[in-house]
Amino acid sequence: MKFTAEQIAGILEGEVVGNPMAEVFRLSKIEEGAEGSLTFLSNPKYLNYIYSTKASVTIVNETFVPESPLTTTLIKVQDAYAAFSKLLEFYNQVKLNKSGIEQPSFLSQSVKYGDNLYLGSFSYVGQNVVLGENVKIYPNCFIGDNVVIGDNVLLFAGAKIYSETVIGNNCTIHSGAIIGADGFGFAPNPDGTYTKIPQIGNVIIEDNVDIGSCTTIDRATMGSTIIRKGVKLDNQIQIAHNVEIGENTVIAAQTGVAGSTKIGKNGMIGGQVGISGHLNIGNNVRIQAQSGVGRNIKDNEILQGSPTFGYNDFSKSYVHFKNLPKIVAEIEELKKQILNQKNGNNG
């Protein structure tokens with residue numbers, strides 16, 4: 001899809017300096033600009049590239065005044081970075097605005113769906129599913145029976161949504177994510193074997209949630225595993241059964257949360273964090289990467305280590321830990337001096 005400089009300036013409320021009919025059909029970095037591409041300049045560090053870029057159109061701040069001739073058409077705006085971000089969002093909406101039901105795919109006769117549905121090839125939608133307006137389901141997705149999905153939801157290729165799951169509005173679920181698989185529940189038997197405990201609950205995902213690729217969220221044993229509104233989950237995260245994650249909490253990749261733990265709102269959890277089960281993690285908690293959490297955490301704590309303790313205490317202790325060989329050597333030297341003094345006094 002091609003756009004002219006004039007059309008883009010209209011979207012951004014900017015001013016064209018150069019050829020208003022210059023056409024672009026892709027985005028690029030300014031140093032990698034080529035004919036037909038659109039780029040931007042906001043960081044003075046990249047100023048020199050505007051004189052050599054081959055990009056057809058460049059978004060710049062309205063204060064920019066070239067010192068040499070340019071081959072690129074300019075679009076002057078108040079804030080080039082913000083304008084380019086707005087354009088990226090617009091471009092993404094256009095790119096993802098697919099509709100229609102591709103074949104082969106399976107859509108149960110009992111499914112109810114709103115306007116502007118896109119169902120990609122080789123996808124399966126089970127019995128009694130309800131899909132809202134503007135839902136986009138990319139190829140090879142599975143949606144089990146009795147699932148409810150709100151408006152403006154994106155399921156990228158290969159996402160699996162098990163039965164009874166509820167997904168709110170404006171959610172994005174990336175490729176390979178699995179929502180609603182059985183929780184890890186097994187009862188030990190006297191002979192050393194295990195009996196599976198039926199997992200009859202579901203998963204509830206509220207509005208404005210993003211779930212990364214290959215992240216798994218298990219259904220509850222009973223009741224619901226709940227992801228509150230505004231939560232952002234990175235790739236390859238494990239959320240166990242009956243966990244609840246509070247509003248606007250963000251969790252980085254490879255973190256695991258064990259069953260029945262409750263995490264408060266506005267938290268920030270780094271990558272590769274391990275959180276034990278049946279804990280209560282407060283609001284506004286910060287947990288640094290690779291930490292191990294095995295206790296309840298109060299509101300506003302900042303933690304690091306395994307097991308975790310206060311971030312400031314950890315930082316101070318780590319300074320000593322790095323110097324541990326030197327400290328040990330100094331202690332050994334002091335012991336020798338004390339022993340020599342004792343021997344001298346005895347003599």
Side-chain angles (χ1 to χ4, degrees), residues 1-98 136 152 154 156 170 172 174-175 208-213 230-236 248-254 266-272 286 288-290 302 311 315:
M1 185 177 295
K2 293 183 178 180
F3 294 90
T4 66
E6 188 174 50
Q7 289 173 321
I8 295 167
I11 295 169
L12 301 178
E13 300 179 354
E15 174 193 358
V16 177
V17 179
N19 178 13
M21 302 311 295
E23 289 187 327
V24 295
F25 56 90
R26 61 172 178 253
L27 305 175
S28 70
K29 299 177 181 179
I30 192 168
E31 66 271 27
E32 298 173 358
E35 186 175 350
S37 69
L38 169 71
T39 188
F40 77 107
L41 173 67
S42 65
N43 189 333
K45 186 171 70 172
Y46 294 91
L47 177 61
N48 290 338
Y49 289 110
I50 199 167
Y51 301 105
S52 60
T53 187
K54 300 295 190 296
S56 297
V57 178
T58 304
I59 300 169
V60 297
N61 291 329
E62 59 190 7
T63 56
F64 172 71
V65 178
E67 298 176 353
S68 301
L70 302 173
T71 59
T72 185
T73 292
L74 302 181
I75 297 177
K76 288 192 169 185
V77 295
Q78 185 174 1
D79 185 332
Y81 186 81
F84 194 73
S85 298
K86 179 180 178 180
L87 202 61
L88 285 175
E89 183 179 353
F90 175 79
Y91 171 79
N92 206 38
Q93 288 175 353
V94 171
K95 183 178 70 171
L96 297 175
N97 190 28
K98 296 188 174 188
K136 311 298 181 186
N152 306 310
L154 277 171
F156 282 101
N170 307 311
T172 298
H174 285 277
S175 296
N208 304 311
V209 171
D210 282 62
I211 297 172
S213 297
V231 167
K232 311 299 180 188
L233 302 180
D234 199 357
N235 304 328
Q236 297 180 325
N248 300 320
T249 286
V250 295
I251 304 180
Q254 298 182 359
N266 301 316
M268 297 182 69
I269 299 174
Q272 296 186 336
R286 306 290 186 265
Q288 307 296 324
Q290 294 191 325
I302 302 175
Y311 177 72
S315 298

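Reckoned from all heavy atoms, side chains included, excluding hydrogens, waters and symmetry mates.
Contact record, Thr53 with Gly33: OG1-CA, 3.8 Å, taken as the closest heavy-atom pair. Residues Ser37 and Val24 approach most closely at O-CG1, 3.3 Å, considering heavy atoms. Listed here is the closest heavy atom pair of Val16 and Pro20: CG1-CA, 3.8 Å. Between Ala5 and Val57 the shortest heavy-atom distance is CB-CG2, 4.0 Å. Residues Gly271 and Ala252 share a closest heavy-atom pair of N-CB, 3.4 Å. Minimum heavy-atom separation, Ala83 to Leu12: O-CD2, 3.4 Å.
One finds the CZ atom of Phe25 at 8.0 Å from the OG atom of Ser56 (value rounded to the nearest 0.5 Å). With rounding to the nearest 0.5 angstrom, the CG atom of Asp79 is 10.5 Å from the CD1 atom of Ile59. Here Glu35 contributes atom CD and Arg26 contributes atom CZ; the two are 8.5 Å apart, rounded to the nearest 0.5 Å. Between Leu70 atom CG and Phe64 atom CZ the span is 5.5 Å, to the nearest 0.5 Å. Here the CD atom belonging to Gln254 is positioned 4.5 Å from the CD atom belonging to Gln272, to the nearest 0.5 angstrom. Taken from OH in Tyr91 to CD1 in Ile8, the straight-line distance is 12.0 Å, to the nearest 0.5 Å.
Among residues at least two apart or in separate chains, there is no side-chain hydrogen bond (donor to acceptor under 3.5 Å, both in side chains) pair with a member in residues 11-25.
Between the side chains of Thr58 and Thr72, a donor-acceptor pair is found at a separation under 3.5 Å.
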Step by step, work out the side-chain contact (heavy atoms from CB on, under 4.5 Å) result for Phe156 and Leu96. CA-CA 10 Å; Phe156 282 101; Leu96 297 175; 4.1 Å; yes

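More than 12 heavy-atom neighbours from other residues, nucleotides or ligands sit within 6.0 angstrom of CD on Gln7. Tyr81 OH: 12 or fewer foreign heavy atoms inside a 6.0 Å radius. Residue Glu31 qualifies as enclosed at atom CD: its count of foreign heavy atoms under 6.0 Å is above 12.
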Review item, side-chain donor-acceptor pairs of residues 38-50, under 3.5 Å, at least two apart:
unit_1, atom_1, unit_2, atom_2, d
Thr39, OG1, Ser28, O, 3.0
Thr39, OG1, Ile30, N, 3.0
Asn43, OD1, Lys45, N, 2.9

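Distance alone, capped at 3.5 Å, places no donor-acceptor pair between the Asn248 side chain and the Asn266 backbone. Remark: side-chain polar atoms of Glu32 are not paired, donor with acceptor, to backbone N or O of Lys29 under 3.5 angstrom. Using a distance-only test at 3.5 Å, with no hydrogens or angles considered, a donor-acceptor pair links the side chain of Asn235 to the main chain of Ser213. Not a single donor-acceptor pair under 3.5 Å links the side chain of Thr4 to the backbone N or O of Met21. Without hydrogens or angle criteria, Lys136 side chain to Lys98 main chain gives a donor-acceptor distance under 3.5 Å. Arg286 places no side-chain N or O within donor-acceptor distance of the main-chain N or O of Gly270, the cut-off being under 3.5 Å. Not one N or O on the side chain of Lys54 forms a donor-acceptor pair closer than 3.5 Å with the backbone of Gly36.
Within the 4.5 Å cutoff, side-chain heavy atoms of Gln78 are placed close to those of Glu62.
No option in Leu233, Val250, Ile251 other than Ile251 meets the side-chain contact (heavy atoms from CB on, under 4.5 Å) test with Ile269.
With sequence neighbours excluded, no residue forms a salt bridge (Lys or Arg N to Asp or Glu O under 4.0 Å) with Asp234.
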